[in-house]
Amino acid sequence: MTAQLIDGNALSKQLRAQVAERAAALKAQGVTPGLAVVLVGDNQASQVYVRNKVKACQDSGLHSVLEKYEADMSEAELLARVEALNNDPSIHGILVQLPLPAHIDAQKVIEAISPLKDVDGFHIASAGALMTGMPGFWPCTPYGCMKMLESIGYDLKGKHAVVIGRSNIVGKPMALMLLQKNATVTICHSGTRDLKAQTLQADVIVAAVGKRNVLTADMVKPGAVVLDVGMNRNDEGKLCGDVDFDGVREVASHITPVPGGVGPMTITMLLVNTLEAAERAAAGA
Ligand code: GUN
């Protein structure tokens with residue numbers, strides 16, 4: 001069996017069209033959804049990411065501001081900017097691009113963002129809301145993965161999902177989202193003794209480690225759904241994920257490619273969260 005591709009570009013296009021429609025409806029009520037993206041320093045990858053985020057906002061009719069600061073900006077100055085954005089009614093979502101320079105405590109900055117504007121879903125209040133099933137913002141990458149499963153009509157109830165990776169940004173929130181949809185969830189990580197024994201049990205596998213070929217065909221049960229969150233370079237410098245795509249696609253029922261899979265969904269869900277924040281603000285929530 002050759003797996004069906006879950007096309008992140010096509011799904012993003014569909015979801016972004018819905019965002020644009022909802023943004024237009026809000027604008028008609030006098031509220032333009034606004035995202036502030038804050039970049040400190042000159043990290044090359046971060047510059048590309050923030051440019052893409054700002055452009056995606058513009059393409060969907062969202063207002064966006066990009067605030068760029070020198071790498072020697074003090075932590076106090078950054079905290080003051082975050083506070084100003086918390087109090088700015090034209091801004092509904094605030095994203096401070098990570099990593100921050102080493103002299104700035106990233107967690108302190110994240111905690112300074114109002115949970116009502118935490119469209120990255122990194123605030124402790126957002127993590128707590130996800131854990132307890134309360135309204136809040138879900139981190140964009142795992143949220144995008146859930147949308148991909150939804151797009152193929154996948155019912156997680158009673159299924160066994162294996163998440164490889166335990167980061168606060170992807171692995172842990174991913175596991176909670178899958179659990180919320182009634183999957184039986186296993187989180188694997190660098191200390192897992194026999195990864196293959198775990199993945200072979202899985203109906204759904206999410207690979208979110210940041211290392212090539214973490215998942216190979218012999219580790220996948222025939223018919224499993226495989227989501228690849230990895231963003232790596234192969235020996236030829238080409239973008240690749242954590243999954244041995246050519247091998248695994250012959251075993252899985254569905255698989256996300258890299259590029260063109262989970263990647264575009266991350267920005268899409270940022271737009272969705274920003275719109276949601278604006279709708280909640282407009283409703284006085
Ligand atoms: N750096 C890499 N990915 C992300 C992200 O999704 N959000 C933020 N704030 N920084 C990042």
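Order of appearance sets the numbers: ligands from 1, and atoms from 1 within every ligand.
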In this structure, does ligand 1 have an atom that sits under 4.0 Å from one of the heavy atoms of Met231? no
Within 45° of the ring axis of Tyr154 and under 6.0 Å from its six-membered ring centre, is that where the NZ or CZ of Lys159 lies? yes
Side chain, backbone, both or neither: which applies to Val96 and ligand 1 if a contact is any heavy-atom pair less than 4.0 Å apart? backbone
Going by heavy atoms in the side chains, are Leu35 and Ile91 under 4.5 Å from each other? no
For the SG atom of Cys57 and the CD1 atom of Ile267, what is their distance to the nearest 0.5 Å? 9.0 Å
Check whether any N or O atom of Gln97, backbone or side chain, sits under 3.5 Å from an N or O atom of ligand 1, and answer yes or no. yes
Specify the protein heavy atom at minimum distance from atom 1 (N) of ligand 1: its residue, its atom name, and the distance to 0.1 Å. Leu98 O, 2.8 Å
Report the C-alpha distance between Asp218 and Lys196 in whole Å, list the side-chain angles of each, state the deciding distance to 0.1 Å, and finish with yes or no for salt bridge (Lys or Arg N to Asp or Glu O under 4.0 Å). CA-CA 8 Å; Asp218 58 308; Lys196 180 176 170 178; 3.3 Å; yes
Between Arg81 and Glu77, is there a salt bridge with N-O shorter than 4.0 Å? no
For ligand 1 and Phe122, I'd like to know whether there is a polar contact (N/O to N/O, distance under 3.5 Å). no
Going by the 4.0 angstrom heavy-atom rule, the piece of Lys53 near ligand 1 is side chain
Heavy-atom nearest option to atom 7 (N) of ligand 1, drawn from Asp120, Leu39, Leu95: Asp120
CG-NE2 distance between Leu62 and His92, expressed to the nearest 0.5 angstrom: 9.5 Å
